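Everything quoted here is computed from the prediction, not taken from an experiment. Remember, it's 1-based here, ligands and their atoms both numbered in the order they're listed.
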Amino acid sequence: MIQVKLELDQLYSFVSKEDLHAYDRQVISAYRKLYNKTGAGNDFLGWIDLPSATSDEMLDQISAHAKTLQAKSEVFVVIGIGGSYLGARAVIEALNSYFATSQKTAVPQIIYAGHQISEDYLAELLEFLNHKEYSMAVISKSGTTTEPAIAFRMLRTHIEKKYGVEEARKRIVAITDKSRGALKQLADSEGYVSYVVPDDVGGRYSVLTAVGLLPIAVAGMDIKALLAGARKMEAMSRAVQKIHGNPIALYAAARQALYRSGKTIEIMVNYEPKLFYFSEWWKQLYGESEGKDQKGIFPAAVGFTTDLHSMGQYIQDGLRNLFETVISVEKPRHELRIPKAESDLDQLNYIAGKRLSEVNLMAELGTTLAHVDGGVPNLRIRIPEVSEDVLGQLIYFFEMGCALSGYMLEVNPFDQPGVEAYKKNMFALLGKEGFENQTAELQKRLHNKTS
Ligand code: PA5
């Protein structure tokens, strides 16, 4: 059963039901392009049937490998950037306990590297790993991305020194393209166990391949349940390729209607801090897919109630080009009630006996109404709990919602040409072979500060 519910009650004072349903033709056309593979980027549609096409044997193989890595690791390092790490982190952080330590759970602590180039971060990580049993996955579809390549070079040196080359090989997993790229060559020559990122699945749509599944399994999560959730959403999407009865299509239509009425920023809101990295994954998915040709909704994220004390003022009262999409979790895992106090000096006895989740819900509902009154339309995605199954549903919901949105916006949601600009400049400034022509010009623009 689909457990992801989209509620639009707080949208209709901004966009009428009739206006929303007027997008049905665009939705149907976008669906047709996706399923018939006739739209832009149609060689990157492997994610569409990935949940149903992934066999249980494949999942068993990943789970068995994850167990061998767990057995020898207090820490598992996931090296990757963008779509090669955010999906795994989104699921792992959503399902992990806030404060569990590896000693207690017999599952390795998952640590990330290669998602930035901070010298202090890597130096402190290497120092930390001196005292830990560890293994790692290096994940890069292209196999040539600078940030993870640097991290992997440093960590590989470290792990080989710590365990010797032979044992290090058993502790390194490579997840990359099937035939191209430096990482593939290295993996083959060193004999690392490797997994393939399918050609037709782009980085930000790859969480349900080994890119996400291996780290998620090493973290002790149930990848079969995750895929089962995604399959439900995949089946619903294929069966209902129109707005009526399809929450994904409704979400995509609502976003379009809002965008065309001048709401150019979508803020993903959570009231559960464990979902922070889910929002980060969503930001990357939508930002890289839609933001092109001088078009696209800017995806932002906040965690409430924390950010009501920082961004709340702007959202309530600033420039009116925003809308919010709230992920509302019905059931927390734990039950905690506010105790009654004799003195009531903190004046909280009026909520004594209530669960924290009731207070959190009233904060959510009160904030929604205040923001709607302030001119911020509100979409609500209600989920019963944060579990593998529900996260699988949500992942597919947002992937398909993103693809539909991209086609409705008339951009290619599967490429990312804009990401290359910074890379070219960085390579030129670092003096990489082949970029010499740009180096002098860039240095001049920087007033010779880097020369
Ligand atoms: O979504 C994408 O394609 C990107 O965000 C990539 O995942 C990111 O740039 C990392 O690329 P790679 O996996 O080739 O190292």
**Report entry** Contact bool for atom 11 (O) of ligand 1 (protein heavy atom, d < 4.0 Å)
**Finding:** yes

**Report entry** Lys/Arg-Asp/Glu bridge criterion (N-O < 4.0 Å) met for Lys283, Glu280
**Finding:** yes

Report task. Would you check the N or O atoms of Pro148, main chain and side chain alike, for any that come under 3.5 Å of an N or O of ligand 1? Result -> no

**Report entry** atom 9 (O) of ligand 1: the protein heavy-atom neighbour that sits closest, reported with distance to 0.1 Å
**Finding:** Ile81 CG2, 4.6 Å

Report task. Could you check which of Gly203, Ala149, Ser289 puts a non-hydrogen atom nearest to atom 3 (O) of ligand 1? Result -> Gly203

Report task. Please check if atom NZ in Lys424 has more than 12 non-hydrogen atoms from other residues, nucleotides or ligands closer than 6.0 Å. Result -> no

Report summary line: protein heavy-atom neighbour closest to atom 13 (O) of ligand 1 works out as Ser84 OG, 2.6 Å

Query raised in the report: If you count the atoms of ligand 1 from 1 in the order shown, which ones are under 4.0 Å from a heavy atom of Ser142?
Result: 12 (P), 14 (O), 15 (O)

**Report entry** Residue, atom name and distance, where the atom is the protein heavy atom closest to atom 5 (O) of ligand 1
**Finding:** Gln284 NE2, 2.5 Å

Report task. Run the ring-centre check on Phe323 versus Tyr259 and record whether the distance is less than 6.0 Å. Result -> no

Requested in this report: Please confirm whether Arg204 comes within less than 3.5 Å of ligand 1 when only nitrogen or oxygen atoms on both sides are compared.
Outcome: yes

Query raised in the report: Do Arg255 and Glu290 meet the salt-bridge criterion of a basic N to acidic O distance under 4.0 Å?
Result: yes

Query raised in the report: Counting each atom of ligand 1 from 1 as listed, which ones have a heavy atom of Gln416 under 4.0 Å away?
Result: 3 (O)

Report task. Going by the side chain to side chain contact (heavy atoms under 4.5 Å, CB included) test, name the single residue among Leu183, Ile175, Thr146 that passes it with Ser140. Result -> Leu183

Query raised in the report: What atoms in ligand 1 come closer than 4.0 Å to a heavy atom of Ser140?
Result: 12 (P), 13 (O), 14 (O), 15 (O)

**Report entry** atom 2 (C) of ligand 1: the protein heavy-atom neighbour that sits closest, reported with distance to 0.1 Å
**Finding:** Glu288 OE1, 3.2 Å

Requested in this report: May I ask you to list the atoms of ligand 1 that are less than 4.0 angstrom from any heavy atom of Thr145?
Outcome: 11 (O), 12 (P), 14 (O), 15 (O)

Report task. For this output row, return yes or no: ring centroids of Tyr205 and Phe44 closer than 6.0 angstrom. Result -> no

Requested in this report: Please report which non-hydrogen protein atom sits nearest to atom 7 (O) of ligand 1, along with the residue it belongs to and the distance in Å to one decimal place.
Outcome: Gly83 N, 2.9 Å

Query raised in the report: For the residue pair Tyr192 and Phe152, does the interplanar ring angle fall in the parallel (under 30°), tilted (30 to 60°) or perpendicular (over 60°) class?
Result: perpendicular

Query raised in the report: So, Ser387 and Glu385: side-chain donor and acceptor under 3.5 Å apart, yes or no?
Result: yes

Query raised in the report: More than 12 non-hydrogen atoms from neighbouring residues, nucleotides or ligands closer than 6.0 Å to CZ on Arg333, yes or no?
Result: yes

